[in-house]
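Accompanying notes for the structure given below.
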There are 2 protein chains.
Amino acid sequence: MSTRQRILDTALESFGTTGVDGTSLDALARELGLRKQSILYYFNSKNALFQAVVDEAANEFIDELDAVISDVDPRDVWAQVEGAVRVVFRLALQRPALLGLLREASRPGSMVAVQLSTRLAVHIDAAQHALENALQEGRVLGGNARLLLFSLYSTIMGVATEVEVLRAMGIEPSLRTLAERRQELLRFLRVALVPV
Amino acid sequence: MSTRQRILDTALESFGTTGVDGTSLDALARELGLRKQSILYYFNSKNALFQAVVDEAANEFIDELDAVISDVDPRDVWAQVEGAVRVVFRLALQRPALLGLLREASRPGSMVAVQLSTRLAVHIDAAQHALENALQEGRVLGGNARLLLFSLYSTIMGVATEVEVLRAMGIEPSLRTLAERRQELLRFLRVALVPV
DNA sequence: TCTTCTGTCTACCAATTGGTAGAACAGCGG
DNA sequence: CCGCTGTTCTACCAATTGGTAGACAGAAGA
């Protein structure tokens, strides 16, 4: 794998778990068996690296979503929601750093330096239109599609990343726990989203 | 107001908006018209200050919740949930730094140094028991009360703090927007929580 | 008046931070 | 063998960080 790609991967892992401020270029380079100057050779600044990592994470996130959702009837909003929930929960288990990074990127301070990936913005637009269609046909509750979309996003995100909160309260989340949580969330969404 | 209290208040504001790592003792002191050594006179370290600020924020948060919920029939779970939602949304508008700080405190890295306030833990226990009673009487969906509680918490939190995400996407949240969001969330919760 | 305690200050400090300048070195085409 | 290009290195650096030591001032109490 190219050095550049190794840097991106390791940085995603570290930024997503330890946070951007909590990760020094020095420590990152040590983990890679390099000097930090080599990192700065590929990315002009730490901020540029962060931007690149966010872009990569957003792309990976969307790829996972697309892979699942593309198998589904685009008119079946509920099936799409269910697919999205499944993806997010799987990522929470298998790629926790990825979700951590997306959360890190949407923190108040970080947004100043880093714009959300273009692809993510486009994807949100598309999802918004899909929801608007569903709304017009009366298959979903709610008025403002974009706001409803954000509601879905933050609900999924919040529930999926609460693993950390559970750990902090002394509850070690198990596979079974997460499965239960997903069931509860799906029941939540199902009752709120099914045809009126 | 005592200097100690002024430090706590300013620190909460700064930690909650700029983040802990993004706030230096120097900048904090400058904002207070002091030297950072004076801060360290009251709090032995930056971490101790953060711990104190988290405790204060948790207390304030719980006070707000208690004030609303104590007016409600303790057996009426739905009324309590509605009250909690109202409180969180009001805080999102009037004391955004407070919610920001609670989110900051539940970040992966921060929890290492800072335990959740004891009072918050006790409060969560109480809420858990209330939910369990409701579950036994069959007035609410769901199985595990503690998990359901976390679901409620993260859902409310996620939706309320998505103001930042909206801003990042170029949507300036208005009072009306937030009111709509609250309505949507309440509809969400109502349908999911009302007697089966 | 002398002492003591509280609070704020000046003066430092060691460590770490992100970042720059430029040497060394490898491989490769000519 | 030469020069070129891409990559990694050593050597620095200025700035900032959290934190320590101790002087100094003022108020309070004896």
Side-chain angles (χ1 to χ4, degrees), chain A residues 1-57 100-101 104-105 107-115, chain B residues 1-57 100-101 104-105 107-115:
Chain A
M1 189 178 355
S2 76
T3 305
R4 192 193 145 92
Q5 192 57 46
R6 280 182 58 228
I7 295 175
L8 278 177
D9 291 349
T10 312
L12 192 153
E13 204 67 28
S14 195
F15 286 165
T17 53
T18 325
V20 181
D21 290 325
T23 304
S24 71
L25 292 182
D26 236 350
L28 202 59
R30 217 175 309 124
E31 205 170 337
L32 283 158
L34 293 175
R35 310 288 155 182
K36 65 175 171 183
Q37 289 80 356
S38 298
I39 297 179
L40 290 167
Y41 169 75
Y42 290 98
F43 306 92
N44 293 330
S45 69
K46 190 184 185 182
N47 243 314
L49 172 60
F50 183 43
Q51 170 77 60
V53 169
V54 169
D55 276 11
E56 204 201 19
L101 188 108
E104 184 81 3
R107 277 213 310 162
S110 307
M111 267 310 178
V112 180
V114 176
Q115 294 293 333
Chain B
M1 188 177 356
S2 76
T3 305
R4 193 193 144 90
Q5 192 58 47
R6 280 182 58 227
I7 295 175
L8 277 176
D9 291 349
T10 312
L12 193 153
E13 204 66 29
S14 196
F15 286 164
T17 52
T18 324
V20 181
D21 290 325
T23 304
S24 71
L25 291 182
D26 237 350
L28 201 58
R30 217 176 308 124
E31 204 170 337
L32 283 158
L34 293 174
R35 309 287 156 183
K36 67 175 169 184
Q37 288 79 357
S38 298
I39 297 178
L40 289 167
Y41 170 76
Y42 291 97
F43 306 92
N44 293 330
S45 68
K46 191 185 185 182
N47 242 314
L49 172 61
F50 183 44
Q51 170 80 57
V53 169
V54 169
D55 276 11
E56 205 203 17
L101 188 108
E104 184 81 3
R107 277 213 308 161
S110 306
M111 267 309 179
V112 180
V114 176
Q115 294 294 331

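Proteins come first, then strands; the chains are lettered A, B, ... in the order of their sequence lines, and each starts at number 1. Treat the numbers as computed from the prediction; the structure is a model and nothing was measured.
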Rounded distance (Å) that lies between atom C1' of D/dC9 and atom CG of A/Asp26: 14 Å
Nearest-0.5 Å distance, CG of residue A/Leu101 to OG1 of residue A/Thr17: 9.5 Å
Would you call A/Leu8 and A/Tyr42 a side-chain contact if the rule is heavy atoms closer than 4.5 Å? no
Distance col, row A/Ile39:CD1 vs A/Leu28:CG, nearest 0.5 angstrom, shows 4.0 Å
Distances under 3.5 Å between nitrogen or oxygen atoms of protein and nucleotides 23-25 of chain D:
none

Atom CD in A/Glu104, atom CG in A/Leu12: separation rounded to 0.5 Å? 11.0 Å
Between atom NZ in A/Lys46 and atom P in C/dT16, what is the gap in whole Å? 15 Å
Measure the CD1-CE distance between B/Ile7 and B/Met1 for me, rounded to the nearest 0.5 Å. 11.5 Å
Under 3.5 Å for both distances, Watson-Crick or G-U wobble, that's the pair rule; now give the dot-bracket for DNA chain D, with | marking pairs to another strand and [ ] for crossing ones. ||||||||||||||||||||||||||||||
Do B/Asp55 and B/Gln51 make a side-chain contact, defined as non-hydrogen atoms from C-beta onward lying under 4.5 Å apart? yes
Value in whole Å for how far the P atom of C/dT16 lies from CG of A/Leu28: 17 Å
Nearest 0.5 Å, what's the OG1-CD distance between B/Thr10 and B/Glu13? 8.0 Å
Any side-chain heavy-atom pair of A/Leu34 and A/Thr3 under 4.5 Å: yes
N or O in side chain of B/Thr3 less than 4.0 angstrom from C/dG7 OP1/OP2: no
Might you point out which heavy atoms bring A/Val20 and A/Phe15 nearest each other, and give the distance in Å? CA-CD2, 3.9 Å
In residues 32-44 of chain A, what residues come within less than 4.0 Å of DNA chain C, judged by heavy atoms? A/Lys36, A/Gln37, A/Leu40
Would you say the side chain of A/Lys36 lies within less than 4.5 Å of the side chain of A/Lys46, judging by non-hydrogen atoms? no
B/Arg4 CZ to C/dT8 C1', in whole Å, measures 17 Å
Contact under 4.0 Å: B/Ser45 side-chain N or O vs D/dG18 OP1/OP2: no
d(A/Leu40 CG, A/Leu25 CG) to nearest 0.5 Å is 5.5 Å
